[in-house]
Every structure is written in structure tokens, then in C-alpha cells.
Amino acid sequence: TDSILLSRPGTPFKACRLGCASFAHPAGAYLIADNLFCIQPGNLLIPDYLLAFFNSTPGQQALCRTANSATTMQQISPNDLRDMFIPLPPIEQQRDIAARYLAQLNAIADMKRKRAEFAAERDQWFSSEI
């Protein structure tokens, strides 16, 4: 099933989705570094909704409030994460938010590709001898 990886140290905290389709070859298991949490949402939580929440401003604020700031870098403990409040709307609303979030990610990726194409075109102007 799809899991969410969340960095333990943060500000900003980083989150991404990890699933069988994340690699060229399907994996039966993953080795996760000790500075990451691997969260496997249950039936009442859509993984991409959780990802959207963690990457949102309110989600980052919640992570910062939850994190232990006793060290120089804020860190989240398993207990802190377990006790963290995550808004849980009905499943259909989660699906809607997740779909809109993924559409935004795709639009951002398209813009980044277009920007790279424009930069390559600009560089071409100067690569040929005049």
C-alpha cells in the first residue's frame, strides 16, 4: 500500500509518498532511514490527503507545534506524531482534496519542464557561432 514518508528533523518538514510504483521494479519491502517516519494510513485516511496536509501551511504549523524544540533543530518523536491533531474530513472530501493537490503537483511539474525548455532555448541562442 502507499505510505507517506515524513522527515523527523525539520523546518520545513519534508513529506513524500512511497508505494510499489515508486521504483522501476516493485519492492516487497523498504528500508527506511532512522530520520524518517513511514506512515501507513488506514482505511479512514487517504494517503494523498495526508501528504497534502503535511505539505500545507497549516500542516507545517501543526508539525512545528508538535515537534520537540529542545535541540537546535526541531524533531518529531513517534509519540509526538501519534498525538498530533490531523483534521479528518469525510473520505469523499479527502479524495477531492487529494485530487486537487495532485493536479497542482502536476501543474507545477509542467511549469518546471516548460521553464527548463525555455532556458535550453535561451542557451541555444548563444551556443552557435555567430
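Since this is a predicted model, take the numbers as computed values, not measurements. Residues: numbered from 1 along the sequence shown.
- Taking every heavy atom of both residues into account, Pro47 and Ile4 meet most closely at O-CD1, 3.3 Å.
- Residues Leu36 and Ser7 come closest through the heavy atom pair CD2-CA, 3.9 Å.
- Under a 3.5 Å cut-off, the side chain of Gln75 and the backbone N or O of Asn35 do not form any donor-acceptor pair.
- Put simply, CD1 on Ile91 and CG on Leu45 are 7.5 Å apart, with the number rounded to the nearest 0.5 Å.
- Of the candidates Asn55, Asp48, Asp96, Tyr101 forms a side-chain hydrogen bond (donor to acceptor under 3.5 Å, both in side chains) with just one, namely Asn55.
- Nearest heavy atoms, Leu88 versus Leu44: CD1-O, 3.4 Å.
- Between the Gln60 side chain and the Phe54 main chain, a donor and an acceptor come within less than 3.5 Å of each other.
- Nearest approach of Phe53 to Phe85, heavy atoms of both residues: CZ-O, 4.2 Å.
- Once rounded to the nearest 0.5 Å, the distance linking OG of Ser3 with CG of Leu51 reads 12.0 Å.
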* For the pair Met84 and Asp80, evaluate side chain to side chain contact (heavy atoms under 4.5 Å, CB included) and give the outcome as yes or no after the intermediate values. => CA-CA 6 Å; Met84 184 178 152; Asp80 294 334; over 6 Å; no
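- Between the CD1 atom of Ile108 and the NZ atom of Lys112 there is a distance of 7.0 Å, given to the nearest 0.5 Å.
- Annotation for Thr66 and Leu81: closest pair CG2-N, 4.2 Å, computed over non-hydrogen atoms.
- Between the CZ atom of Arg17 and the CG atom of Leu105 there is a distance of 9.0 Å, given to the nearest 0.5 Å.
- Atom CG of Asn106 sits about 11.0 Å away from atom CE of Met111, to the nearest 0.5 Å.
- The closest donor-acceptor contact from the side chain of Gln94 to the backbone of Ile46 lies under 3.5 Å.
- Remark: Gln40 CD to Leu18 CG distance equals 9.0 Å, nearest 0.5 Å.
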* Using the side chain to side chain contact (heavy atoms under 4.5 Å, CB included) rule, take Leu6 and Lys14 through it: C-alpha gap first, then chi angles, then the decisive distance, then the call. => CA-CA 6 Å; Leu6 176 68; Lys14 304 291 184 186; over 6 Å; no
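- Nearest heavy atoms, Tyr49 versus Ala98: N-CB, 3.6 Å.
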